Protein chains: 2
Amino acid sequence: MSDNEDKALPIDRRIEADITRAIYDQRMPPGTRLSEERLGELYEVSRTVVRKALFQLSSRKLVEIRPNRGARVAQPSAAQAREVFAARATLEAAMLEESMTRLTPADIAALRDTLAHDHDTPTDEADAAESIAESGDFHRALARLHGNTVLQEFLDELIGQTSLIIALYRPRDAALCSHDAHDALLDAIEAGDAATARRAMRAHLMACLDALELDPPQPAALADMLGRAR
Amino acid sequence: MSDNEDKALPIDRRIEADITRAIYDQRMPPGTRLSEERLGELYEVSRTVVRKALFQLSSRKLVEIRPNRGARVAQPSAAQAREVFAARATLEAAMLEESMTRLTPADIAALRDTLAHDHDTPTDEADAAESIAESGDFHRALARLHGNTVLQEFLDELIGQTSLIIALYRPRDAALCSHDAHDALLDAIEAGDAATARRAMRAHLMACLDALELDPPQPAALADMLGRAR
DNA sequence: ACAAAGCAAATTGTATCCAATTATTATTGT
DNA sequence: ACAATAATAATTGGATACAATTTGCTTTGT
């Protein structure tokens, strides 16, 4: 009875879900090799079904499959990172603006509850992973209020990719997409009109993007590290 | 030398592309069964690679795979149809509004050329299929001007699903997403500001949606067809 | 003659096997 | 001792074989 959590969903879906969760929770860093045979023996299943799961994951851009070279957890480039955030800004701003007419005070209260619940966690150390996951949840909850499941699912994909981007490009200490930022965003939503909310959302996402360290970490500074070479 | 068009792309990609094109061109109606064995012998390839292609297609929602029941060309429900059009309206309106600052007269001229090229075709009869494909091309071209490839690819998916929706729900004669409508849209873009263009795009897509016959074609009218039954 | 159960054919799901490619290690020559 | 090359091991791509499920048909009983 306490064997697997979801008993109904097929084994390949379970593998997919497990890897997805591991990526979201920052346990599987970008670049991690995903050997078909290894995964197969882990789940006691043939490579056939593992391959199926890996292909599904690659269609969501969470893993990258290079021909004859196997699958790895994807490593989005800086350019891709910028595009994902730009896409999120466009999409989430538009969705929020359209939601504004329908947004009830109860909706906003519910969102605040989610945030308050998160405030308990100290946000101190390496549980930044949890903070990132919760940030995603907030954006997902906001999108759900819009009501369009097609856009919801697409945003889900983008948020998933954002996990990888943050894992790759977040500076050592900086907390990203802080709860405070979400609080401020909610304030703007509550107080302002549609256009204001739209701008606030875009500003928030662009701030998150700016907090990243997308520029290469000194690729040519090698000489310096070797003393007074060259 | 004249064997296959694209020699470089792997066989599973080719199958995928062929089916995609067949759907776009309305040659493969929704609901068409896609037997793994049949496709395999058609392309002289094993079921393994056919399955791969079919799964890719299902992730783009062009085919529907039901466990142990095989794959069919997808049949989006009326509810899904509405959501896809709503998603397109939100997305394309937002993208267009953001493009407006960058849009040069040359861009608009290029778009008009595409439309003029299409005007040649009489739009008379069953080549409505071609008209539909060209309509998609117009929207794709417009999206390309925005510059974000992530949103571009997503819109591509939505346009693909739109092919299925039109195949399912377009009334007998009515031409959908007419060239005239696109001309008018371009006029609005050329003349107006960002907000105007946004509204024009939304109005255009909603007009397309309204032209569809989404309501069930008299599911309870069966009795009438059978004379004075009941 | 009709309904229901059972049987047979076809189709999908999964495992295993072989071929092809890539990565790693060993070897050899300078 | 190092570089380049050759041999070997490991891993993925694809085909075949078998198991499980579904579908259509036949048969049987009332």
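As the structure is a prediction and not an experimental result, all values here were calculated from the model. Sequence lines set the chain letters: A, B, ... in the order given, protein chains first and strands last, and positions in each chain run from 1.
Summarising the geometry, the separation between CZ on B/Arg38 and C1' on C/dA10 is reported as 11 Å, rounded to the nearest angstrom. We find that CD of A/Glu37 is positioned 15 Å from C1' of C/dC18, with the value rounded to whole Å. Here D/dA10 presents its P atom at 20 Å from CG of A/Leu34, a figure rounded to the nearest Å. Counting to the nearest Å, the P atom of D/dG13 and the CD1 atom of B/Ile15 are 16 Å from each other. Spacing between atom CZ of B/Arg51 and atom C1' of D/dA15 amounts to 13 Å, rounded to whole angstrom units. B/Arg47 has its CZ atom 12 Å from the C1' atom of D/dA20, to the nearest Å. To the nearest angstrom, P of C/dT11 lies 14 Å from CG of B/Leu54. Look at CZ on B/Arg66: it is 16 Å from P on C/dT11, rounded to the nearest Å.
Looking only at atom types and distance, the side chain of A/Gln56 has no donor-acceptor partner in the side chain of B/Ser59 under 3.5 Å away.
Note on B/Ser46: a side-chain N or O is less than 4.0 Å away from OP1 or OP2 of D/dA15. An OP1 or OP2 oxygen of D/dT12 is reached within less than 4.0 angstrom by a side-chain nitrogen or oxygen of A/Arg33. A close approach under 4.0 Å does not occur between any side-chain nitrogen or oxygen of A/Lys52 and OP1 or OP2 of C/dG13.
Residue B/Ala71 is the one, among A/Pro67 and B/Ala71, whose nearest nucleotide of DNA chain C lies closer to the 5' end (criterion: closest heavy atom). Toward the 5′ end of DNA chain C lies the nearest nucleotide of A/Asp12, the other residue of the pair A/Asn68 and A/Asp12 mapping further downstream.
B/Arg144 approaches B/Gln152 most closely through the heavy-atom pair CA-OE1, 3.6 Å.
For the side chain to side chain contact (heavy atoms under 4.5 Å, CB included) criterion with A/Leu62, the lone passing option out of A/Val73, A/Leu54, A/Ile19, A/Thr20 is A/Thr20.
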Mind running side chain to side chain contact (heavy atoms under 4.5 Å, CB included) on B/Met28 and B/Leu34 for me, showing each step along the way? CA-CA 10 Å; B/Met28 265 195 188; B/Leu34 298 169; 3.9 Å; yes

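Classification of the B/His182-B/His204 ring pair by plane angle, with boundaries at 30° and 60°, yields perpendicular.
Counting non-hydrogen atoms under 4.0 angstrom, B/Arg69 reaches the backbone sugars and phosphates but no base.
Side-chain proximity of A/Thr48 to C/dA15, C/dT12, C/dT21: nearest is C/dA15.
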